[in-house]
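Data first, discussion second: the structure below is written as structure tokens.
Chain letters run A, B, ... following the sequence lines, proteins first, then strands; residues in each count from 1.
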There are 2 protein chains.
Amino acid sequence: MPAPKNPAAEKPGTPARGPRSRIQKRNRQIILDAALEVFSTHGFRGATLDQIAAQAGLSKPNLLYYFDSKDAIHRDLLTRLLDTWLDPLRMLDADGDPQTEIMAYMRRKLEMSRDFPRESRLFANEILQGAPRIEEFIRHDLRSLVDEKAQLLSDWSQAGRIARVDPYHLIFSIWALTQHYADFAAQIGMIRGDSHDPLDGAEPFLEQLYTRLLTP
Amino acid sequence: MPAPKNPAAEKPGTPARGPRSRIQKRNRQIILDAALEVFSTHGFRGATLDQIAAQAGLSKPNLLYYFDSKDAIHRDLLTRLLDTWLDPLRMLDADGDPQTEIMAYMRRKLEMSRDFPRESRLFANEILQGAPRIEEFIRHDLRSLVDEKAQLLSDWSQAGRIARVDPYHLIFSIWALTQHYADFAAQIGMIRGDSHDPLDGAEPFLEQLYTRLLTP
DNA sequence: ATCAAGTTTGACCATCCAGTCAAGAACCAT
DNA sequence: ATGGTTCTTGACTGGATGGTCAAACTTGAT
């Protein structure tokens, strides 16, 4: 009298906390990487499981052995992304030198565009669609962090340690300028030549820009 | 013996150059407006004809009476968009005062983000997906325009009429900073409060930023 | 009023796509 | 080697979606 299903061995997805075998770990990573590639360029609805499966070199049913659904893959990617998305801004240190700190923040964000352009595009896709899946994150985690750091920037500004600038727009400008190099890389490549690194020259330019903007 | 089809009266779409009746003109406009709304937030594949039909208050077959296909609607929107997308940069006048001209360009782009945020998001969606449908436009029209204006900026820079800046990154920075307010409006709204106008304070900030950047 | 052209739609079709399932293949502890 | 577990997949299903069509309705010139 066999049980209708193996009771303990559910889908490895959500219930089993950590991937057990080496195969699990490896394949889940392969799938997430393939899915990041596909979701970041086609958006959630524009991506198909077949595309992701092909990209991963696995069969579609095999994807669904490792993840409960297309949505679960996407959610997993977003969760991992958001975990680290705030870090650069979090590191803005109230005790450091204002200009140095802001410059370092800009540089960290630029590095993220260089090292994780697909993650940036995944995020951009989500925001473009009205951020339905990460609304809570933005309204709470991101908002409170931004409010806190804007206050810090405002204090620095008041104290004359940086020029008088609107702190929110200062933060938005860093987001816009750095993420642009990841999100619009296709356009930049077509304009400057595809062999050209889109980020070439970006850092000196942004350093010049923010030095001039922030110096009191 | 009626002809199997009315021979001259094809689909009003491509063949008939201009919409004839008042109804044609009105409904095509309604459809394009609805489609812009839906495509700009969901992307091409994420949008459905049913969504567009509902938004337009028309039936799905009726959409397809006015346009040959989903793709035709999208193509029409993009074509109309690209027609005007270059205008702000085109207006950058070699005979004007450099700082005034660049500032005016920035302001025109910011106005476009204010007045046509959906068009900006439609464009952003297209670029995020690797610009498959507008690659030719970018590689030829946009690229040659940017090259030309970059040369102009470079000349101004060499002549000491503006600070020494990388002309390409200067242009990209204007794109990034202005389009961000349209493309990431959802995020800005969630951070600053949805009742708050996302663009509030943007113009003074950008004026300050570019004044400081460009003054020699 | 009449009728031909233009407009609208319910019903339908073919394809695509997320997700299922049962059977088979690979793995691994003994 | 053996047997239970984990992994893999071909074949399938149900629903969504782009697009068709013929029949009906509306419009406007006469």
Side-chain angles (χ1 to χ4, degrees), chain A residues 1-16 18-31 34-35 38-39 42-77, chain B residues 1-31 34-35 38-39 42-76:
Chain A
M1 56 199 72
K5 305 268 166 175
N6 35 2
E10 284 284 332
K11 279 273 180 65
T14 318
R20 287 166 171 73
S21 71
R22 207 164 299 128
I23 297 180
Q24 284 262 342
K25 201 163 189 171
R26 186 179 121 271
N27 279 357
R28 284 180 71 95
Q29 194 47 55
I30 288 176
I31 292 169
V38 178
F39 281 137
H42 297 297
F44 179 75
R45 296 217 33 195
T48 72
L49 284 179
D50 289 290
Q51 263 179 296
I52 298 172
Q55 177 81 25
L58 298 173
S59 68
K60 180 169 61 169
N62 209 1
L63 293 199
L64 293 163
Y65 173 74
Y66 290 102
F67 291 89
D68 286 339
S69 64
K70 179 184 180 183
D71 204 76
I73 304 177
H74 191 254
R75 198 165 28 244
D76 198 310
L77 280 174
Chain B
M1 57 197 70
K5 305 267 165 175
N6 35 1
E10 284 283 332
K11 279 273 181 65
T14 316
R17 216 46 199 118
R20 287 165 171 74
S21 71
R22 206 164 301 127
I23 296 181
Q24 286 262 342
K25 200 162 190 172
R26 186 179 121 269
N27 280 355
R28 285 179 70 96
Q29 195 47 56
I30 287 176
I31 291 169
V38 177
F39 281 136
H42 298 299
F44 179 74
R45 297 215 36 197
T48 73
L49 284 180
D50 289 290
Q51 262 180 296
I52 298 172
Q55 177 80 25
L58 299 172
S59 68
K60 181 169 61 170
N62 208 2
L63 294 198
L64 294 162
Y65 172 74
Y66 289 103
F67 290 89
D68 287 338
S69 63
K70 179 185 179 182
D71 204 76
I73 303 177
H74 190 254
R75 197 163 32 245
D76 199 310

Expressed as a whole number of angstroms, how long is the span from [X]:[atom1] to [N]:[atom2]?
{"X": "B/Ile31", "N": "C/dT7", "atom1": "CD1", "atom2": "P", "answer": "11 Å"}
{"X": "B/Leu49", "N": "D/dG19", "atom1": "CG", "atom2": "C1'", "answer": "8 Å"}
{"X": "B/Tyr66", "N": "D/dG19", "atom1": "OH", "atom2": "P", "answer": "18 Å"}
{"X": "A/Phe67", "N": "C/dT20", "atom1": "CZ", "atom2": "P", "answer": "15 Å"}
{"X": "A/Asp68", "N": "C/dC21", "atom1": "CG", "atom2": "P", "answer": "13 Å"}
{"X": "A/His42", "N": "C/dA18", "atom1": "NE2", "atom2": "P", "answer": "12 Å"}
{"X": "A/Lys25", "N": "C/dC27", "atom1": "NZ", "atom2": "C1'", "answer": "19 Å"}
{"X": "A/Leu64", "N": "C/dC17", "atom1": "CG", "atom2": "C1'", "answer": "11 Å"}

**Message:** Using the side-chain hydrogen bond (donor to acceptor under 3.5 Å, both in side chains) criterion, which residues pair with A/Asp71? Sequence neighbours excluded.
**Reply:**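 side-chain hydrogen bond (donor to acceptor under 3.5 Å, both in side chains) list for A/Asp71, sorted by chain: A/Arg75, A/Arg133.
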**Item:** Which atom of B/Lys70 lies closest to which atom of B/Leu64, heavy atoms considered
**Value:**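 The answer is N-CD2, 4.5 Å.
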**Asked** Quick one: which of C/dA18, D/dG19, C/dG19 gets closest to the side chain of A/Thr48?
**Response**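 Out of C/dA18, D/dG19, C/dG19, the nucleotide with an atom closest to A/Thr48's side chain is C/dA18.
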Enumerate donor-acceptor pairs with a distance under 3.5 Å from any side-chain N or O in residues 50-59 of chain A to protein atoms, sequence neighbours excluded.
from	atom 1	to	atom 2	distance (Å)
A/Gln51	OE1	A/Thr48	N	3.2
A/Gln51	NE2	A/His42	NE2	3.2
A/Ser59	OG	A/Asn62	N	3.3

Approximate separation, where rounding is to 0.5 Å, of [X] [atom1] and [Y] [atom2]:
{"X": "B/Leu49", "Y": "B/Phe67", "atom1": "CG", "atom2": "CZ", "answer": "11.5 Å"}
{"X": "B/Asn27", "Y": "B/Tyr66", "atom1": "CG", "atom2": "OH", "answer": "4.0 Å"}
{"X": "B/Ile31", "Y": "B/Arg26", "atom1": "CD1", "atom2": "CZ", "answer": "10.0 Å"}

**Message:** Please confirm whether the shortest side-chain N or O distance from B/Gln24 to OP1 or OP2 of C/dG6 is below 4.0 Å.
**Reply:**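 No, because none of the side-chain N or O atoms of B/Gln24 sits under 4.0 Å from OP1 or OP2 of C/dG6.
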**Prompt:** Hey, is the side chain of A/Asn27 poking within less than 4.0 Å of OP1 or OP2 on D/dT6, counting only N and O atoms?
**Reply:**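 So the side chain of A/Asn27 is outside the cut-off, no N or O lying under 4.0 Å from OP1 or OP2 of D/dT6.
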**Prompt:** A/Ala47 near the nucleic acid: base, sugar-phosphate alone, or nothing, with a heavy-atom cut-off under 4.0 Å?
**Reply:**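 Touches sugar-phosphate only.
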**Message:** Applying a 4.0 Å non-hydrogen cut-off, can you work out what B/Arg45 is touching in the nucleic acid: base, sugar-phosphate, or nothing?
**Reply:**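 Counting heavy atoms under 4.0 Å across all strands, the contact made by B/Arg45 is with sugar-phosphate only.
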Could you write out each protein N or O paired with an N or O of nucleotides 9-11 of chain C at a distance under 3.5 Å?
from	atom 1	to	atom 2	distance (Å)
C/dT9	OP2	B/Ser59	OG	3.1

**Request:** Measure up the A/Phe39 and A/Phe44 rings against each other and bin them: parallel (under 30°), tilted (30 to 60°), perpendicular (over 60°).
**Result:**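 Answer is parallel, since the angle falls under 30°.
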